[in-house]
2 protein chains.
Amino acid sequence: MTTTARERLLTTASALFYREGIRAVGVERILGEAPSTRATFYRHFPSKEDLVLAYLHGVDDRTRAVVQAAVETSPSPDDALRAIGAAVTDDLADPAFRGCAFLNAAAEYPDPADPVRRLILEHRAWYVGTLTELFGEVFGDSPRRGRPEDAAAHFVMMRDGAMTGAGLDGAEAVGAAFRRGLEGLLTLLH
Amino acid sequence: MTTTARERLLTTASALFYREGIRAVGVERILGEAPSTRATFYRHFPSKEDLVLAYLHGVDDRTRAVVQAAVETSPSPDDALRAIGAAVTDDLADPAFRGCAFLNAAAEYPDPADPVRRLILEHRAWYVGTLTELFGEVFGDSPRRGRPEDAAAHFVMMRDGAMTGAGLDGAEAVGAAFRRGLEGLLTLLH
DNA sequence: CAGCCAAGAGAGAACGGTCTTTCTACCTCC
DNA sequence: GGAGGTAGAAAGACCGTTCTCTCTTGGCTG
């Protein structure tokens with residue numbers, strides 16, 4: 001096998017955590033599907049919490065890469081916001097889609113002091129910060145109809161709703177609602 | 001004690017489920033805080049799943065009562081939609097707020113065949129159906145700018161996002177974003 | 001009205017299973 | 001030879017669930 005045991009454990013665990021929930025997946029399941037053994041597991045991840053943090057860290061990394069690529073390849077902040085929105089609707093359309101990994105994790109980790117929840121907050125702060133910057137650029141060269149922070153909050157609210165509702169109400173309908181909402185938000189600013 | 005054991009068990013379990021998550025709360029915890037005993041518990045709820053369903057059923061009942069009251073006391077469908085929106089922002093402002101009980105439960109029960117998930121889908125179908133009817137009435141006596149289903153989907157998407165994000169980004173900011181979004185949606189229809 | 005009995009509730013032991021975690025032992029490959 | 005991997009036992013805690021036993025209470029019957 002070309003992959004290391006750590007990689008195998010993390011990717012297997014990530015898939016299971018996302019598909020079935022974090023609390024619902026035990027170490028036994030992960031070891032059975034990785035496959036690996038307890039000793040190897042606990043050599044790489046001192047506790048299950050470290051594995052959970054590594055899982056969310058991986059999602060965070062991939063999300064940042066997607067957003068960064070969307071920003072860099074877009075000629076205008078409008079297009080960048082549209083590209084980020086398209087990344088959201090792409091997620092919804094994935095047959096393996098099961099909601100936002102961070103929001104799902106937040107439902108399972110209510111304690112604000114928990115490191116998992118702190119990682120979630122960090123991720124969201126980065127996301128909304130990036131959006132606020134982009135909306136700021138949009139506002140920069142057109143008459144302002146509000147504050148960039150409010151526009152970013154509106155974007156995030158729609159995104160969270162779409163990510164949460166798509167698995168329940170159907171990805172197509174919710175994706176269309178999100179696309180219409182984002183287009184409305186962007187046209188409203190001009 | 002004036003309350004029955006069943007009531008005590010259900011209200012205690014409901015508070016714990018909502019505050020800490022369903023999987024995170026064991027029967028032991030519930031019995032300790034109710035207080036009651038195992039035999040009594042299992043006499044009223046053959047399994048923990050029955051308790052979970054009773055918990056969500058209670059939330060469903062209360063939500064329907066609030067929405068029904070909002071509709072009945074509102075002179076127009078616009079006002080009814082505003083009243084339902086106000087009920088949402090009221091929820092967000094509650095210090096005990098910890099997200100939508102149904103969305104939190106959905107994150108913990110991914111299996112579509114699970115009775116818990118079916119109850120969640122029922123609740124959402126009723127909610128979006130009620131909104132669709134109200135938007136249909138709004139569209140009825142004014143030039144239409146879209147379909148009632150789309151407006152209802154947009155409302156639900158914003159609601160889901162607000163309910164999910166308020167516990168992470170702050171209830172005041174998210175509540176304000178939702179209020180602005182709803183007002184924008186309603187003025188857009190006229 | 002008296003008596004009784006079924007039902008609800010309390011108390012606690014105990015089941016099998018699964019959880020996370022730790023341990024020892026052996027292998028293998030740089 | 002040491003670091004990483006394999007293998008498996010086992011700890012200790014907690015999970016949902018079942019069981020037996022006792023006490024109270026309310027309502028029906030004679």
Side-chain angles (χ1 to χ4, degrees), chain A residues 1-57 104-105 107-111 113-117 119, chain B residues 1-57 104-105 107-111 113-117 119:
Chain A
M1 215 164 284
T2 94
T3 59
T4 72
R6 197 199 134 91
E7 285 176 62
R8 254 181 300 138
L9 285 166
L10 182 53
T11 56
T12 302
S14 296
L16 288 173
F17 285 163
Y18 182 65
R19 196 190 322 144
E20 306 187 15
I22 296 173
R23 281 204 134 88
V25 174
V27 176
E28 195 94 13
R29 278 282 304 283
I30 300 167
L31 296 179
E33 300 198 15
S36 190
T37 65
R38 277 172 230 287
T40 304
F41 174 89
Y42 280 100
R43 188 174 299 122
H44 290 291
F45 305 98
S47 80
K48 190 190 174 185
E49 183 174 73
D50 296 276
L51 178 64
V52 175
L53 289 171
Y55 154 56
L56 291 177
H57 213 85
N104 289 342
E108 294 196 70
Y109 290 83
D111 181 6
D114 196 293
V116 172
R117 196 151 240 261
L119 182 57
Chain B
M1 215 164 287
T2 94
T3 59
T4 71
R6 198 199 133 91
E7 285 175 63
R8 255 181 301 138
L9 285 166
L10 182 53
T11 57
T12 302
S14 296
L16 287 172
F17 285 161
Y18 182 66
R19 198 191 321 143
E20 307 187 15
I22 296 173
R23 279 205 136 84
V25 174
V27 176
E28 195 94 13
R29 277 282 304 283
I30 299 168
L31 296 179
E33 299 199 16
S36 190
T37 65
R38 276 170 230 287
T40 304
F41 174 88
Y42 281 99
R43 190 173 298 124
H44 290 290
F45 304 99
S47 81
K48 191 191 174 184
E49 183 175 75
D50 295 275
L51 179 65
V52 175
L53 289 171
Y55 154 56
L56 290 177
H57 214 85
N104 288 343
E108 293 196 71
Y109 290 84
D111 182 6
D114 196 293
V116 172
R117 195 151 242 260
L119 181 57

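Each chain gets a letter, A, B and so on, in the order the sequences are listed, and its residues count up from 1.
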| Taking the side chain from B:R8 and the backbone from B:S36, do they hold a donor-acceptor pair closer than 3.5 Å? | no
Polar side-chain atom of B:E108 near backbone of B:G21 as donor-acceptor pair, under 3.5 Å: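 No, B:E108 side chain to B:G21 backbone: no donor-acceptor pair under 3.5 Å.
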Which heavy atom of [X] sits nearest to which heavy atom of [Y], and what is that distance?
{"X": "A:A107", "Y": "B:N104", "value": "CB-OD1, 3.8 Å"}
{"X": "B:T40", "Y": "B:A5", "value": "CG2-CB, 3.7 Å"}
{"X": "A:A54", "Y": "A:L10", "value": "CB-CD1, 3.8 Å"}

| query | Got a sec? Which of residues 16-32 of chain A come in under 4.0 Å of DNA chain D, heavy atoms? | reply |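 Nucleic-acid contacts, sorted: none.
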Salt bridge (charged side-chain N to carboxylate O under 4.0 Å, His left out) pairs touching residues 43-56 of chain B, sequence neighbours excluded, are none
With sequence neighbours left out, the residues meeting side-chain contact (heavy atoms from CB on, under 4.5 Å) with A:E28 are A:R38
Report task. Only counting residues at least two apart or in another chain, list the ones meeting side-chain contact (heavy atoms from CB on, under 4.5 Å) with A:F41. Result ->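 Residues passing side-chain contact (heavy atoms from CB on, under 4.5 Å) with A:F41: A:L9, A:V27, A:L31, A:F45, A:L51.
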Given B:V116, which of B:L56, B:D111, B:I22 fulfils the side-chain contact (heavy atoms from CB on, under 4.5 Å) condition?
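Among the candidates, only B:L56 passes.
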Protein-proximity profile, nucleotides 6-12 of chain C, B/S/- by nucleotide at the 4.0 Å heavy-atom cutoff, equals ---BBBB
request  = Using the heavy-atom set of chain A and a strict 4.0 Å cut-off, write down the first and last nucleotide of DNA chain D that makes it in, 5' to 3'.
outcome  =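 With heavy atoms of chain A under 4.0 Å away, the range is D:dG4 to D:dA10.
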OH of B:Y55 to OG1 of B:T11, rounded to nearest 0.5 Å, is 13.0 Å
